[in-house]
Colleague: 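My questions all concern the structure below.
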Amino acid sequence: MFLNQTILQKVFITSIFLLLTISVGFAQSDAEIKDLNVAIGHYQNGDKDQAIVVLTEIIQTYPKSYYGYMYRGSCYGELGQYDLAVADSKQLIAFYPNDAMGYLNAGAYLMDANRFADSKEYIMKSFELGKNDYWQVWINRACYHWWEKDIPKAKKYMLKTIEKMPSVQDYNAVIESLDKMIAKGILSDTHQLMGYFKNEWTKAEEKYIQIQKYDQQAVEYLDKNDDLAAAQVNKKASDLALTVDPPNYEIAVKYTGFEASLYKGLDKKDQAKAAYNRLLGYIEKGHLSDSVAGENANSGGLFFKNNHDNKRAAEFYAKANDIFQKMDYKAWLVIIASNLGEVYNNMGDYEQSLTYYNKSIKLGKETGEESGLSITYNNISSTYENLGQYETAIDMAKQAVALGEKYQHGSLSAFYSSLGHRYYAIGDYGSALTNYEKALVLDRKNNEKFKVSQRLGSIGSTYLGLKKWTLAEQNLKESVKIA
């Protein structure tokens with residue numbers, strides 16, 4: 001379930017300085033997302049007081065609600081209740097100290113309150129953490145330097161703002177912000193700042209306006225379920241971004257990522273492959289090191305792995321790993337290390353595979369990413385089996401199941417099946433059967449017909465091992481029938 005969106009290309013304005021892309025990365029459950037959408041509905045209808053009521057209830061239910069604190073702070077800020085807005089931002093910082101958003105919001109609300117001196121530490125920290133992901137940190141810093149009358153720095157960061165936020169919607173949000181600052185008398189000579197911003201924007205405005213039009217066309221095609229047309233329009237947007245002087249590789253990666261993902265969903269493998277290859281080239285030419293580039297590189301690795309090109313997959317994963325290492329983004333490093341472990345296992349380099357898997361496990365324990373480690377434990381069990389270390393393989397598969405059960409992981413049926421395979425490999429057919437049957441129950445419940453067929457096939461083979469011929473025949477026949 002997504003937060004009130006068709007695709008990540010749709011956005012939601014939260015405060016004077018912030019234009020945020022909605023995602024589900026920090027939401028704790030579908031129930032929380034449902035309640036957040038109710039709050040967003042009140043916000044969009046102009047009823048910020050009622051939005052605050054709903055968001056407060058969300059925070060009471062989910063005390064560490066990322067979006068609860070973020071959106072409630074936004075409502076407080078727009079109502080001019082800056083102390084409360086800053087308090088919510090500080091709570092966000094307390095729970096998520098390595099995420100830029102809390103610092104970004106706190107700095108913005110303090111500037112809204114004309115407390116620029118107090119905003120400095122938050123503006124600088126948000127810039128340190130978010131300079132690769134949020135254009136808002138650049139304009140906040142530009143405004144701060146303008147306030148301290150360091151005009152060269154202010155212009156430098158304003159230019160970077162334009163490079164980072166090439167859309168008319170974002171541009172209008174900045175103009176609105178500066179208009180409000182003029183009305184409040186917050187910054188001296190704000191008209192000059194706005195004039196400089198407008199002048200620099202017009203130099204690239206025509207192309208960026210067209211990119212935004214392509215963006216909207218893509219969303220419209222998606223609303224009509226015409227994914228092919230959406231993919232083609234996204235390519236036009238990325239191609240146009242490359243004609244800006246200098247080429248905007250960040251925008252090119254964003255839209256090429258959308259294009260590749262859509263072709264992948266349409267099972268147009270050649271087009272998806274071409275798009276991913278272009279995408280990696282843009283990342284390298286632009287020397288990009290932001291989360292959008294990292295996530296797209298990881299997506300490309302997944303595509304090539306699923307299409308049995310493990311060598312190319314490793315190249316994409318390695319690029320993603322480099323990017324997230326530069327960002328010190330440990331949650332993603334856990335995932336990427338596990339992915340690299342899998343492709344090296346597929347290539348038969350088991351020692352290298354174990355190196356990456358163990359790195360994933362170590363990082364996961366250090367960062368508390370326990371739930372995500374279930375996949376790593378599941379996959380490393382296969383490598384140990386390939387090395388003939390069957391008892392260790394079973395132990396790893398058991399840990400995957402334990403974590404899967406604890407967190408009700410979406411791949412729990414696969415974990416049961418993997419543990420069944422490990423037992424089957426040593427001839428413990430009884431334990432294998434137990435786990436295959438647990439997997440079958442989950443797959444039937446979720447109406448996963450292909451997986452049901454697989455589980456029945458495994459169960460049939462296990463009954464052959466147990467020499468229970470009739471049961472083996474029944475399950476194998478049912479497997480073939482469903483397939």
Colleague: Would you say the side chains of Tyr436 and Arg455 form a donor-acceptor pair under 3.5 Å?
Modeller: no
Colleague: Tyr377: which residues meet the ring-ring contact (aromatic ring centres under 6.0 Å, His included) condition with it, sequence neighbours left out?
Modeller: none
Colleague: Thinking salt bridges, do Glu220 and Lys224 make one under a 4.0 Å N-O criterion?
Modeller: no
Colleague: Do Lys269 and Asn307 touch side chain to side chain, with heavy atoms closer than 4.5 Å?
Modeller: yes
Colleague: Give a yes or no answer on whether the side chain of Ser126 reaches the backbone of Ile123 with a donor-acceptor pair at less than 3.5 Å.
Modeller: yes
Colleague: Could you tell me whether Lys330 and Asp328 have a side-chain N and a carboxylate O separated by less than 4.0 Å?
Modeller: yes
Colleague: Regarding Lys326 and Asp322, does a basic nitrogen lie under 4.0 Å from an acidic carboxylate oxygen?
Modeller: no
Colleague: If we only count heavy atoms from C-beta on, is the Lys273 to Tyr263 side-chain gap below 4.5 Å?
Modeller: no
Colleague: Is Arg278 salt-bridged to Glu259, cutoff N-O under 4.0 Å?
Modeller: yes
Colleague: May I ask you to check whether Tyr157 and Phe127 place their ring centers less than 6.0 Å from one another?
Modeller: yes
Colleague: Just wondering, do Val137 and Arg141 contact through their side chains at under 4.5 Å, heavy atoms?
Modeller: no
Colleague: Got a donor-acceptor contact below 3.5 angstrom from the Asp99 side chain to the Met101 backbone?
Modeller: yes
Colleague: Under 3.5 Å, is there a donor-acceptor pair between the Tyr109 and Glu78 side chains?
Modeller: no
Colleague: Between Tyr276 and Phe303, is the ring centroid distance below 6.0 Å?
Modeller: yes
Colleague: If every non-hydrogen atom of Trp147 is compared with every non-hydrogen atom of Ala117, which pair is closest and at what distance?
Modeller: CH2-N, 3.9 Å
Colleague: Using the side-chain hydrogen bond (donor to acceptor under 3.5 Å, both in side chains) criterion, which residues pair with Ser453? Sequence neighbours excluded.
Modeller: Ser479
Colleague: Has Tyr255 got a side-chain atom pairing as donor or acceptor with Asp239's backbone, closer than 3.5 angstrom?
Modeller: no
Colleague: Does Ser417 use its side chain to pair, donor to acceptor, with the backbone of Ser413 at less than 3.5 Å?
Modeller: no
Colleague: Please assess Tyr144 against Met124 for the test side chain to side chain contact (heavy atoms under 4.5 Å, CB included), listing each intermediate value before the final yes or no.
Modeller: CA-CA 10 Å; Tyr144 176 79; Met124 297 307 176; 4.1 Å; yes
Colleague: Quick check: do Tyr76 and Tyr82 have side-chain heavy atoms less than 4.5 Å from each other?
Modeller: no
Colleague: Compute the ring centroids of Tyr96 and Tyr66, then answer whether they are less than 6.0 Å apart.
Modeller: yes
Colleague: Strictly below 4.0 Å, N to O, side chains only: are Lys254 and Asp290 in salt-bridge contact?
Modeller: no
Colleague: Is any side-chain heavy atom of Ser238 less than 4.5 Å from a side-chain heavy atom of Ile251?
Modeller: no
Colleague: Is Ser381 reaching over with its side chain to a backbone N or O of Asn378, donor-acceptor style, under 3.5 angstrom?
Modeller: yes
Colleague: Donor-acceptor pair, distance only, cut-off 3.5 Å: does the side chain of Asn298 make one with the backbone of Gly294?
Modeller: no
Colleague: Check whether the side chains of Ser338 and Thr376 place a donor and an acceptor atom closer than 3.5 Å, and report yes or no.
Modeller: yes
Colleague: Under 30°, 30 to 60°, or over 60°: which ring-plane class applies to Trp332 and Phe324, parallel, tilted or perpendicular?
Modeller: parallel
Colleague: Between the main-chain N or O of Leu363 and the side-chain N or O of Thr367, is there a donor-acceptor pair closer than 3.5 Å?
Modeller: yes
Colleague: Spell out, as yes or no, whether a donor-acceptor pair under 3.5 Å connects the side chain of Asn45 to the backbone of Gly41.
Modeller: yes
Colleague: A side-chain contact here means heavy atoms from C-beta on lying under 4.5 Å apart; do Leu129 and Leu104 qualify?
Modeller: no
Colleague: Any sub-3.5 Å donor-acceptor pair from Lys235's side-chain atoms to Thr256's backbone N or O?
Modeller: no
Colleague: Are side-chain heavy atoms of Lys305 and Asn339 found at a separation under 4.5 Å?
Modeller: no
Colleague: Can you list the residues that meet the ring-ring contact (aromatic ring centres under 6.0 Å, His included) rule with His409, with sequence neighbours excluded?
Modeller: Phe415
Colleague: Does Glu405 offer a backbone N or O that forms a donor-acceptor pair with the side chain of Gln408 under 3.5 Å?
Modeller: yes
Colleague: Given side chain to side chain donor-acceptor pair (under 3.5 Å), test Tyr356 with Glu342 step by step and report yes or no.
Modeller: CA-CA 9 Å; Tyr356 280 112; Glu342 184 177 4; over 6 Å; no
Colleague: If you look at every heavy atom in Leu373 and Lys365, which pair is closest and at what distance?
Modeller: CD1-N, 4.0 Å
Colleague: Do Lys438 and Leu442 touch side chain to side chain, with heavy atoms closer than 4.5 Å?
Modeller: no
